[in-house]
**Q** 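Mind having a look at this structure? Questions to follow.
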Number of protein chains: 2
Amino acid sequence: MEKRRADTIAEQLEALIFNGTYADGDRLDEVRLAEQFGVSRTPLREAFQRLALSGLLELIPRRGAFVRQPGPVELLEMFEVMAELEAVCGRLAALRISEAALAELREANSSCQTAVTAGDVEAYYSENERFHSIIYQQSGNSFLAQEAAKLHKRLQPFRRQQLRFRGRMGQSMSEHEQIVRALEASKAEAAADALRNHVAVQGEKFHQLMATLKNTA
Amino acid sequence: MEKRRADTIAEQLEALIFNGTYADGDRLDEVRLAEQFGVSRTPLREAFQRLALSGLLELIPRRGAFVRQPGPVELLEMFEVMAELEAVCGRLAALRISEAALAELREANSSCQTAVTAGDVEAYYSENERFHSIIYQQSGNSFLAQEAAKLHKRLQPFRRQQLRFRGRMGQSMSEHEQIVRALEASKAEAAADALRNHVAVQGEKFHQLMATLKNTA
DNA sequence: GTCAACCATATTGTATACAAGAATTAGATT
DNA sequence: AATCTAATTCTTGTATACAATATGGTTGAC
């Protein structure tokens, strides 16, 4: 069962939510969306469930599907968990990472450096995603890697937005290099701390995140 | 949308999978189960999706829904993540826990002690669940608490089974007391380490887990 | 005798029809 | 005039009918 029509619809809906077409609290009309996508309500409802499980929609019985964007508190909580998950990945990866993966990390970082000097946020984020993804994989724990990637995807729009702040790309860049050095030296705790601090929302990052929220809300 | 008929069916199916009625790799027949539950295929398929998202089923397009029990490797991976999540909860809870919650932890522990002397595994596990749940809550991060509880539930049947091994309940008990002491003293790292070791599968626990798997498989 | 291809059957995915519940509006009463 | 109630309408939840695909068996050919 579960072919992929529901999946493609789920992806499109996800994009529509991320790009702001539907705002927090909006109710999604089944029949309207169904004819808009040219399908019946059945696969659309399946897509709703996908999105509900990943937290983007709230399904209220007999009421409908409502867009559910995380508020400031929940967002900070999610970033705290993300920081800890990345820290664990780093701690494990420091002991288990392969030479080939290290080379890939260095390559991703040099691509990042190019993007920084060009001021290309999109290119930077794309390479940044590869960087983190490699570390998830190299934790040697595919369940952990999956969970980390899932949360990363959920926070992606916010992380991307953060990079637009002045000087933030450069800071992120130098943190990346610090992370690679810790991994190269197999220093587990150093890698964990570096990743935790890289992701955690604290200090100036907190205010920047709050500013981002105000703009979208 | 999403009333709770699909949810009750999902719970019942979950129980059927846990109690061994359906084994790993079994295909669940939509029409048979639908008439068995006295509903149509529609809500049943919704239940399938719930279970698939929580990892108990694998939905293969045009093929059907197959029971998917984690193998030894995945199980170890999940326990590793669980240990780290609990460690984070403990680290945060050590700084944020309330006096009332500490009292509840002590009470849960004394109920545990009663169960240990009575050799009552079910009673012990019930109180054990409360113990861990309190720590999740007291992390002060409800997103983290939710994620921890989700994984805890997924691993529940295995954790329960582990307690049946000789001496294991007593060991778990003394680890609980050590955890409470660390939390009382607000020793964040000590609490984290105690919880990680309490949950992690290593040493003799590894062989016990493998033995459990052989029995169910 | 074995392998391959085709047909029949069964099962999943999708659409539509039907039923039940919630919300809104209009009407009546205070 | 305002509020409460009732009825209508709209929307969700469920069932069933239909279509498309995969699977298994049978038959034919090499």
Side-chain angles (χ1 to χ4, degrees), chain A residues 1-18 20-70 150, chain B residues 1-18 20-70 150:
Chain A
M1 88 187 311
E2 296 333 308
K3 31 145 267 316
R4 69 176 158 297
R5 179 144 3 185
D7 285 300
T8 56
I9 292 175
E11 280 173 35
Q12 294 183 55
L13 277 176
E14 194 177 75
L16 286 177
I17 293 174
F18 280 160
T21 306
Y22 297 105
D24 185 58
D26 282 4
R27 175 176 148 277
L28 300 184
D29 192 310
E30 285 185 6
V31 296
R32 219 172 57 83
L33 284 169
E35 66 183 36
Q36 189 171 321
F37 282 111
V39 297
S40 87
R41 283 171 52 212
T42 312
L44 194 84
R45 286 168 62 89
E46 289 192 5
F48 278 5
Q49 290 194 63
R50 297 267 204 304
L51 297 177
L53 265 295
S54 68
L56 277 102
L57 288 184
E58 185 171 14
L59 270 41
I60 302 178
R62 296 276 175 198
R63 294 287 305 275
F66 296 84
V67 176
R68 167 148 169 40
Q69 294 281 28
K150 204 192 296 178
Chain B
M1 86 188 309
E2 296 335 310
K3 31 146 271 316
R4 69 176 160 296
R5 179 138 10 181
D7 285 300
T8 54
I9 293 175
E11 281 173 34
Q12 294 183 53
L13 277 176
E14 194 178 75
L16 286 176
I17 293 173
F18 281 161
T21 306
Y22 298 105
D24 185 59
D26 282 3
R27 176 178 147 276
L28 299 185
D29 191 311
E30 284 185 7
V31 295
R32 218 171 58 83
L33 284 170
E35 65 183 38
Q36 187 171 321
F37 283 110
V39 297
S40 87
R41 283 172 52 212
T42 312
L44 193 83
R45 286 168 62 89
E46 289 191 5
F48 278 5
Q49 289 193 65
R50 298 266 203 307
L51 296 178
L53 265 295
S54 67
L56 276 101
L57 288 183
E58 185 171 15
L59 270 41
I60 304 178
R62 297 276 175 197
R63 293 286 305 276
F66 296 85
V67 176
R68 169 147 169 39
Q69 293 282 29
K150 202 193 297 178

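Order of the sequence lines sets the chain letters (A, B, ...), proteins ahead of strands, with each chain counted from 1. Worth saying up front: this structure is predicted, and the values here are computed from it rather than measured.
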**Q** May I have the distance from A:Leu33 (atom CG) to D:dT12 (atom C1'), rounded to whole angstrom?
**A**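 A:Leu33 atom CG is separated from D:dT12 atom C1' by 14 Å.
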**Q** Between A:Leu44 (CG) and C:dT16 (P), how many Å, whole number?
**A**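 My rounded result for the distance is 14 Å.
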**Q** Distance check needed: C:dT12 P versus B:Phe48 CZ, whole Å only.
**A**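 Going from B:Phe48 (CZ) to C:dT12 (P), I get 8 Å.
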**Q** Can you name the atoms? Protein N/O to nucleotides 7-11 of chain C N/O, anything below 3.5 Å, with the distance.
**A**
from, atom 1, to, atom 2, distance (Å)
C:dT11, O3', B:Arg27, NH2, 3.4

**Q** Could you give the CZ-to-P distance, from A:Arg5 to D:dA20, as a whole number of Å?
**A**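 So the CZ-P distance, A:Arg5 to D:dA20, works out to 10 Å.
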**Q** B:Thr21: which residues meet the side-chain hydrogen bond (donor to acceptor under 3.5 Å, both in side chains) condition with it, sequence neighbours left out?
**A**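 So B:Thr21 forms a side-chain hydrogen bond (donor to acceptor under 3.5 Å, both in side chains) with B:Asn19.
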**Q** Send over the distance from A:Arg32 CZ to D:dC10 C1', rounded to a whole Å.
**A**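 Checked: the CZ to C1' distance equals 15 Å.
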**Q** I want to verify a distance call: between D:dT16, D:dA20, C:dG21, whose nearest atom is closest to the B:Arg62 side chain?
**A**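 When the side chain of B:Arg62 is considered, D:dA20 is the closest of D:dT16, D:dA20, C:dG21.
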**Q** Starting at atom CD of B:Glu46, determine the distance to atom P of D:dT12, rounded to an integer number of angstrom.
**A**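 These atoms are roughly 13 Å apart.
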**Q** Heavy-atom distance under 4.5 Å between the side chains of B:Leu13 and B:Leu33, does that happen here?
**A**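 A side-chain contact under 4.5 Å exists here.
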**Q** Considering only nitrogen or oxygen atoms on both sides, find all protein atoms under 3.5 Å from nucleotides 6-8 of chain D and state each distance.
**A**
none

**Q** Tell me, do B:Arg50 and B:Leu57 make a side-chain contact under 4.5 Å, heavy atoms counted?
**A**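 Answer no - side chains too far apart.
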**Q** Round to a whole Å and report the spacing from CZ of B:Arg45 to P of D:dA17.
**A**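 Whole-Å distance recorded here is 17 Å.
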**Q** Main chain of B:Val67, side chain of B:Asp26: is a donor-acceptor contact present, judged purely on distance under 3.5 Å?
**A**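 No, B:Asp26 side chain to B:Val67 backbone: no donor-acceptor pair under 3.5 Å.
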**Q** Measure from the side-chain heavy atoms of B:Ser40 and tell me the nearest of C:dT12, C:dA15, D:dA15.
**A**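 Given the options C:dT12, C:dA15, D:dA15, the side chain of B:Ser40 is closest to D:dA15.
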**Q** Please find the pair of heavy atoms, one from B:Ala6 and one from B:Pro43, that lie closest to each other, and give the distance.
**A**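 Closest approach of B:Ala6 to B:Pro43: CB-O, 3.8 Å.
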